[in-house]
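Chain identifiers are assigned alphabetically (A, B, ...) following the order of the sequence lines, protein sequences preceding nucleic acid strands; residue numbering begins at 1 within each chain.
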There are 2 protein chains.
Amino acid sequence: MIPKSQRRSPCPVACALDILGDKWTLLVIRDLFLGKHHFDEFRASPEGIATSTLSARLAWLTSLGLIRRTGHATDRRRIAYALTERGISLNSLLTETARWGLENIPGTKVMPGGAVSIRAAIKTQPQPKR
Amino acid sequence: MIPKSQRRSPCPVACALDILGDKWTLLVIRDLFLGKHHFDEFRASPEGIATSTLSARLAWLTSLGLIRRTGHATDRRRIAYALTERGISLNSLLTETARWGLENIPGTKVMPGGAVSIRAAIKTQPQPKR
DNA sequence: CAGTATCCTGAAAGATACTG
DNA sequence: CAGTATCTTTCAGGATACTG
């Protein structure tokens, strides 16, 4: 969490933006709500995030306690990410963002794979790839 | 509006972030919902936005049709900004952002001046300064 | 009051290559 | 598969000064 001393103000909007206010963070969250769990799945999203950027975001969100890493002791190929309770609390904010975009930006549409779904995030177990 | 050709994807979340995904834009929107209308009022907000940044954001939001400039023909001191219908449609997104910050970031609190209020934005008439 | 005009710097991000 | 390591570039944003 960002220490109070270096926050721009105590405003909850400003503080939320210090965490989520960029072009990538919420997209990673979106992917988790869509049921994605693996590095290469995030990377394969159509927006085309760079590996260095993705790596930084995953570490950032982990440090904030919004996601957690479900590593595997011996097999690095089974590393996965999942939303924590706190991460799941972003559901309505994310949904609201999607709704606004859908209603106000012509040409937008929900991705193949379905709408942002809290159920996908909660019920999908992080699975190692076959 | 950002042309489809240069969007990262058709995802409504991604497109919304291309518009709102930075640390300043939503704060200007917030100030409008708080009933502020004038350049120096935005500037005086505790986050301390630079004049060049503020100027760019006001032009940007105006070009998107989210705010409108209610200029005065002869007196530049009476220039004011107000939310358009489309800008007002950001109310629930903004409120959701504030709610999430308030519930998940310790030490945040609504600014003196009251909670983000759609009524302040709608009912307050842009008034020239005395 | 409502900006514009510069100058400048750091941080963010893209591209690419490499690794256990 | 899940990253790390560089390198380079861009550009958002801060500081400051000035103006009708």
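Taking only side-chain nitrogens and oxygens, A:Ser55 comes nearer than 4.0 Å to OP1 or OP2 of D:dT4. Taking only side-chain nitrogens and oxygens, A:Arg69 comes nearer than 4.0 Å to OP1 or OP2 of D:dG3. Within the structure, a side-chain polar atom (N or O) of B:Arg57 is placed less than 4.0 Å from OP1 or OP2 of D:dG13.
In this view, B:Arg43 and B:Phe39, B:Asp40, B:Thr51, B:Leu54 satisfy the side chain to side chain contact (heavy atoms under 4.5 Å, CB included) rule, not counting sequence neighbours. Judged as a side chain to side chain contact (heavy atoms under 4.5 Å, CB included), and not counting sequence neighbours, the contacts of A:Arg68 are A:Thr70, A:Ala82, A:Thr84. Not counting sequence neighbours, the partners of B:Ser52 by the side chain to side chain contact (heavy atoms under 4.5 Å, CB included) test are B:Ala50. For the side-chain hydrogen bond (donor to acceptor under 3.5 Å, both in side chains) test, no residue two or more places apart in sequence or in another chain qualifies with B:Thr53. With sequence neighbours left out, B:Thr108 forms a side chain to side chain contact (heavy atoms under 4.5 Å, CB included) with A:Arg7, A:Pro12, A:Cys15, B:Leu102, B:Ile105.
Atom pair A:Leu54:CG and C:dA15:C1' shows a separation of 15 Å (rounding to whole Å applied). Straight-line distance from the CZ atom of B:Arg8 to the C1' atom of C:dA12: 13 Å, rounded to whole Å. Summarising the geometry, the separation between CG on B:Leu58 and P on C:dG3 is reported as 7 Å, rounded to the nearest angstrom. Counting to the nearest Å, the C1' atom of C:dA2 and the CG atom of B:Asp31 are 16 Å from each other. For the pair A:Asp22 CG and C:dG14 P, the interatomic distance rounds to 11 Å; values are reported in whole Å.
In this structure, of D:dA2, D:dG14, C:dA13, it is D:dG14 that holds the atom nearest to the side chain of B:Trp24.
Remark: the A:Thr51 side chain and the D:dT4 base include a donor-acceptor N/O pair separated by less than 3.5 Å.
With no hydrogens or angles considered, a side-chain donor-acceptor pair links A:Arg99 and B:Ser92 at under 3.5 Å.
Position along DNA chain D of the nearest nucleotide to A:Ser52 versus A:Tyr81 favours A:Tyr81 as the more 5'-ward residue.
Stems are defined here as 3 or more consecutive Watson-Crick or G-U wobble pairs with pairing distances under 3.5 Å; those involving DNA chain D are C:1-20 with D:1-20.
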